[in-house]
Protein chains: 2
Amino acid sequence: MIHFYVKSTKGQTSPDINLSDLAGSAGRLDIISRCINSALWLSNAMRRDVVFHTILHGEPNPPIYIRIEGAKLRKVQPDERNISIFLKKAIERFKDGKEIESTPGIFVSRKSFEQLIEDNKEKTFFLLSEEGKSLEPLDKVKYTDAFFILGDKEDLIDSEIAYLEKYKLNRVSLGDKSYLASHCITIVNWLNDKI
Amino acid sequence: MIHFYVKSTKGQTSPDINLSDLAGSAGRLDIISRCINSALWLSNAMRRDVVFHTILHGEPNPPIYIRIEGAKLRKVQPDERNISIFLKKAIERFKDGKEIESTPGIFVSRKSFEQLIEDNKEKTFFLLSEEGKSLEPLDKVKYTDAFFILGDKEDLIDSEIAYLEKYKLNRVSLGDKSYLASHCITIVNWLNDKI
């Protein structure tokens, strides 16, 4: 199983999302939607071995944690608008105090970044960073529990990185250029396909 | 310079595009918009050495050819909706009989696939195909004039492929899996960055 976490620095946490303004008032939910597309879609198929995680940190009710399990996902189309409709449904159905499966394969709850890392501490964390070691196709052992961590438009903050450093953290790079988060995910998936 | 052509099999050719239904009534302009994002965007920068080409084959006025030159592109944001707004402007400003620069870096005219290939016949054509030879980072010579050809949701038709075969055509593969066109473009760009 391969996991991707993309921080949504300003993703709106009330369900009155304007689907015509994902890149504006919704707090760049366009980026998160494109990342979900990159993480989970093949041509005419889903990546059943991928789990996508995000935490929306925007107003008015952060943090809201959303997990999308490729193995269970149904009904969603790969365009930004359709994916965002399902994020909106997740926020609508969010309830404090328990995890809800808002639609098939999409789970929503209250969770901080630190708690998410704690819940996944048995996995191997990879932080995408231009100063990291060049990422090569992962070996099979690592692949079974790789957990990739990316920022959206903004990088993770220092305290988040410090928290990650409590665990085994691999800093990996895709090269000298700085890529969009969604493009990084596409490349990581492709490198893993080459195993 | 690197070129990408993505066929838009059903892309709408009248300007009354419903931006809330790109994946439906607009004839999958969501796919073309994602391909443009993949071809031209880096994080906080544009790929100035990339040119993106598409021909809209949908009703009511096909074919409409749109070319986006990374070197000149301005004002466009990387989300599907914003890119589609600029495609819509191109179709609005289209005039039969001459090429118009509808907004900075975006050019629109009447052109068939065969004419586009004829205009670019000095370049080296690469057709993405699962049966092709594994694509490796291109050498510098090829890179200066590589022209990659992809379908959207549908493959090119036999007569288009036969036309391509009049010229030097390289069939290249990204592996055993079948990827979304936008993901293919991201991977090809990344492989070229590794030169």
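Numbers restart at 1 for each chain; the letters A, B, ... are given by sequence-line order, proteins then strands.
Other residues, nucleotides and ligands place more than 12 heavy atoms under 6.0 Å from the CG atom of B/D96. Shown here is B/K10, whose NZ atom has no more than 12 heavy atoms of other residues, nucleotides or ligands within 6.0 Å. At most 12 heavy atoms of other shown residues, nucleotides or ligands fall within 6.0 angstrom of atom CG in A/D158. Around atom CG of A/D176, no more than 12 heavy atoms belonging to other residues, nucleotides or ligands sit under 6.0 Å away. No more than 12 heavy-atom neighbours from other residues, nucleotides or ligands sit within 6.0 angstrom of CG on B/D155.
Shortest non-hydrogen contact noted between B/S178 and A/L42 is O-CB, 3.7 Å. Counting all heavy atoms, side chain and backbone alike, B/N44 lies closest to A/K153 at OD1-NZ, 3.0 Å. Smallest separation of non-hydrogen atoms from A/R28 and B/P78: NH2-CG, 4.1 Å. Between B/K177 and A/D193, the shortest heavy-atom distance links the atoms NZ-OD1, 2.9 Å.
Cluster membership for A/V6 and A/M46, using ILVMFWY side-chain heavy atoms within less than 4.5 angstrom, is shared. Placement of B/F126 and B/L180 within a single hydrophobic cluster is found when ILVMFWY residues are connected by side-chain heavy-atom separations under 4.5 Å, directly or transitively. A continuous path of ILVMFWY side-chain contacts below 4.5 Å connects B/I187 to B/F52, so both sit in one hydrophobic cluster. A/I185 is not connected to A/I55 by any chain of hydrophobic side-chain contacts under 4.5 Å among Ile, Leu, Val, Met, Phe, Trp and Tyr, and they are in different clusters.
With a 4.5 angstrom heavy-atom cutoff, A/N37 touches chain B via backbone and side-chain atoms both. Heavy atoms of A/I31 lying under 4.5 Å from chain B are absent altogether. For B/E80, the parts lying under 4.5 angstrom from a heavy atom of chain A are both the backbone and the side chain.
The main-chain N or O of A/H183 is never found under 3.5 Å from a side-chain atom of B/W190 such that the two would form a donor-acceptor pair. At least one donor-acceptor pair closer than 3.5 Å links the side chain of A/R81 to the backbone N or O of B/S20.
Expressed to the nearest 0.5 Å, how far NZ of A/K194 lies from OG of B/S134 amounts to 5.0 Å. Separating the CZ atom in A/R34 from the OG atom in B/S182 is a distance of 10.5 Å, to the nearest 0.5 Å.
Annotation: maximal heavy-atom pairing with chain B below 4.5 Å, among A/L22, A/L19, A/L174, occurs at A/L174.
Using a 4.5 Å cut-off on side-chain heavy atoms (C-beta onward), A/Q77 and B/D30 make no contact. Annotation: side chain of B/T186 is not in contact with side chain of A/Y179 (no heavy-atom distance under 4.5 Å).
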